[in-house]
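This report concerns only the one structure given below.
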Amino acid sequence: MTELRESLIRKRYAAERRFRIYGASALVLTAVFLALLLASIVWQAVPAFTEKSVILDVVIDPAEADPANPAAGNYDGMVKAALKQVLPDAKSRAERKALNGLLSSGAGDELRRLVIADPALIGQTVTLPVLLSADATLYLKGLQTRVAVSAGASPVTLAPAEGGEGFVLSGPGVSSKPGLSPGQIVMSGSAALRITAIESGTASAEALTPIDASLSALTPGNWKTLSFSAPEADRRTSDLQATWLEQLKDAGRIETGFAWRFFTAGDSREPELAGIRGALVGSLLTVAVALALALPLGVAAAIYLEQFAPKNRLTDLIEVNINNLAAVPSIIFGLLGLAVFLNFFGMPRSAPVVGGLVLALLVLPTIIIASRAALKAVPPSITEAALGVGASHQQAVFHHVLPLALPGIMTGTILGLARAFGETAPLLMIGMVAFIADVPHGFTDAATVLPVQVFLWSDLPELAFKNKTAAAIIVLLGVLFILNAAAIYLRRRFERRW
């Protein structure tokens with residue numbers, strides 16, 4: 001009997017150890033997956049917080065900018081002319097188009113702001129950073145293709161090919177390790193050639209930029225090769241544009257800066273100009289409307305149901321329905337908002353006031369349930385003591401019970417708003433998925449919200465928008481973290497123990 005009892009005890013202890021191991025393993029596995037998820041988001045988001053610009057000396061032509069109306073000047077044309085002065089090899093129409101494609105469509109915006117602030121700059125030359133396009137920026141960041149730059153360590157002889165089509169490269173630099181290979185670009189100053197074939201120690205090449213007739217030899221240290229991990233057909237930056245970017249980088253004209261416009265600009269079709277300010281302001285306006293409606297209604301309903309309502313079938317039915325509403329999918333509230341607020345009342349589509357009404361309905365059951373739980377947690381002796389000294393039931397509730405339950409109510413409200421801040425589905429149903437470039441200034445202006453902005457950017461094919469999506473997710477997670485941290489702080493700061 002003793003041996004059987006000891007065997008059972010050993011089995012019980014072994015089962016307890018296994019349970020602890022399972023629990024610890026689950027926690028470790030969850031932490032690993034969470035760390036991998038966050039690391040992946042951060043890794044993709046980092047490029048979105050920096051932007052590339054080219055330093056140009058721009059002549060503010062009086063013929064293109066009127067001092068009486070400086071905002072209407074052709075500043076894009078001035079910036080493109082300045083870039084043409086730096087890279088004068090673009091002769092044909094296609095080459096000029098490729099050269100202008102290195103600049104953002106908003107490249108002249110900073111120059112316009114400078115001239116509007118100081119019209120006396122018209123007629124002068126100013127040096128300023130000009131924003132590059134998203135494709136050029138991705139190339140310089142190594143995200144579009146990996147670029148291996150190798151300095152030429154051996155001499156190469158350069159001669160025109162027979163028939164005048166292309167060039168022939170020969171000498172030790174062609175075959176000595178690492179040697180040349182088809183697809184590589186050979187650069188010497190502003191001269192650039194693309195290797196097309198290698199045969200018998202000689203390389204055939206075509207000129208990407210004009211080749212000076214006096215250039216007959218490439219000396220060691222005076223030339224380099226560019227090797228791309230992706231062929232030209234698989235990237236948005238051509239070999240010619242890559243050559244120009246490398247020339248600008250060698251000349252020290254490429255500048256890297258923090259992408260403040262990501263936080264200060266609204267949405268845009270161009271990735272390098274897109275920002276989250278419009279979506280962030282729209283989220284704050286929408287949540288403000290939801291808070292203004294859901295908090296007083298939710299707390300008032302909780303106080304009535306917990307402290308004043310009679311206990312009968314009607315109140316039981318109301319309580320059951322409130323609990324059921326808290327579990328209803330959020331898109332149902334979006335359909336309700338579409339049918340009632342937009343179609344029946346004719347309220348403005350894609351406006352924060354409508355989004356706030358929908359989110360107020362969404363979080364109202366959560367606030368009621370949390371508030372009732374906070375009120376129920378207050379000891380009955382508080383109410384009895386207030387009644388015992390002559391206070392009315394209403395005074396006991398509002399002067400004693402409610403202040404003590406306020407920390408729990410605030411915690412539940414903040415958690416409910418954190419859920420509302422991250423909702424997407426109900427807002428899609430009321431039109432807040434529309435492309436909104438302007439920053440909303442009021443509750444009735446067209447707007448979008450941050451989760452919807454993430455949804456829109458994630459569906460776009462440009463690689464730069466993928467980085468923007470990850471960066472917007474980080475901002476969204478940061479806001480949600482702040483809201484949850486505020487809830488924890490308020491609970492610990494004002495928590496009362498009895």
Side-chain angles (χ1 to χ4, degrees), residues 5-50 141-143 146 229 262-263 276 279-280 283 287 323 326-331 362-363 365-367 369-370 373-374 377 407-426 449-459 463-495 497:
R5 184 166 55 250
E6 291 179 351
S7 176
L8 292 175
I9 292 175
R10 285 195 299 271
K11 290 181 179 180
R12 185 177 64 188
Y13 286 162
E16 184 176 352
R17 285 193 298 270
R18 287 195 302 270
F19 179 77
R20 290 181 178 179
I21 293 174
Y22 296 154
S25 301
L27 289 177
V28 171
L29 192 62
T30 302
V32 169
F33 282 134
L34 180 59
L36 291 176
L37 175 63
L38 293 178
S40 174
I41 294 174
V42 172
W43 179 261
Q44 295 183 53
V46 167
F49 293 113
T50 58
K141 292 179 178 178
L143 299 176
R146 292 189 301 275
S229 61
F262 178 72
F263 299 97
I276 62 169
L280 189 57
S283 293
V287 172
N323 292 328
V328 169
S330 59
I331 196 171
L362 176 66
V363 302
T366 303
I367 294 178
I369 294 172
I409 294 174
M410 295 173 65
T411 300
T413 301
I414 293 174
L415 294 178
L417 292 178
R419 178 195 174 189
F421 197 92
E423 282 292 342
T424 304
V449 293
L450 203 52
V452 174
Q453 190 70 78
V454 171
F455 170 77
L456 291 174
W457 283 350
S458 66
D459 198 41
L463 179 60
F465 274 120
K466 304 302 180 185
N467 302 130
K468 296 276 186 178
T469 300
I473 290 174
I474 288 181
V475 175
L476 179 59
L477 290 177
V479 174
L480 296 178
F481 176 80
I482 292 173
L483 291 175
N484 283 275
I488 295 172
Y489 170 78
L490 291 175
R491 183 175 67 246
R492 292 186 177 181
R493 174 67 177 80
F494 298 104
E495 187 176 18
R497 297 184 181 276

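Not measured: the values here are computed from a predicted model.
- Between I276 and W457 the shortest side-chain heavy-atom distance falls below 4.5 Å.
- Residues L450 and S283 approach most closely at N-OG, 2.8 Å, considering heavy atoms.
- How far CG of L415 is from OG1 of T366: 9.5 Å, rounded to the nearest 0.5 Å.
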Throw together a table of side-chain donor-acceptor distances under 3.5 angstrom for residues 468-477, partners on residues two or more places apart or in other chains.
from	atom 1	to	atom 2	distance (Å)
K468	NZ	P271	O	3.3
K468	NZ	A274	O	2.9
T469	OG1	S458	N	3.3
T469	OG1	F465	O	2.7

Name every donor-acceptor pair, under 3.5 Å, that has one atom in a side chain of residues 25-48 and the other anywhere in the protein, sequence neighbours excluded.
from	atom 1	to	atom 2	distance (Å)
S25	OG	I21	O	2.7
T30	OG1	A26	O	2.8
S40	OG	Q44	NE2	3.3

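- With a 6.0 Å radius and a threshold of 12 heavy atoms from other residues, nucleotides or ligands, Y489 has its OH atom at or below the threshold.
- What you find for A425 and I331 is that their closest heavy atoms are CB-CB, 4.1 Å.
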### Chi angles and distances behind the salt bridge (charged side-chain N to carboxylate O under 4.0 Å, His left out) call for R20, E16
CA-CA 6 Å; R20 290 181 178 179; E16 184 176 352; 3.0 Å; yes
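- With rounding to the nearest 0.5 Å, the separation of CZ in R419 from CG in L362 is 4.0 Å.
- Annotation: F481, atom CZ; neighbour count of heavy atoms from other residues, nucleotides and ligands within 6.0 Å does not exceed 12.
- With rounding to the nearest 0.5 angstrom, the CG atom of L8 is 9.0 Å from the CZ atom of R10.
- The minimum heavy-atom distance between I414 and A487, with the atom names listed, is CG2-CB, 3.9 Å.
- Here the straight-line distance linking atom CZ of F262 with atom OG1 of T50 works out to 11.5 Å at 0.5 Å rounding.
- The shortest heavy-atom contact between G416 and V363 is O-CG1, 3.2 Å.
- To the nearest 0.5 Å, the span separating OG1 on T411 from CG on N484 amounts to 10.5 Å.
- L456 contributes atom CG, which lies 9.5 Å from atom OG1 of T424 (distance to the nearest 0.5 angstrom).
- Between E423 and S330, the shortest heavy-atom distance links the atoms OE1-OG, 3.0 Å.
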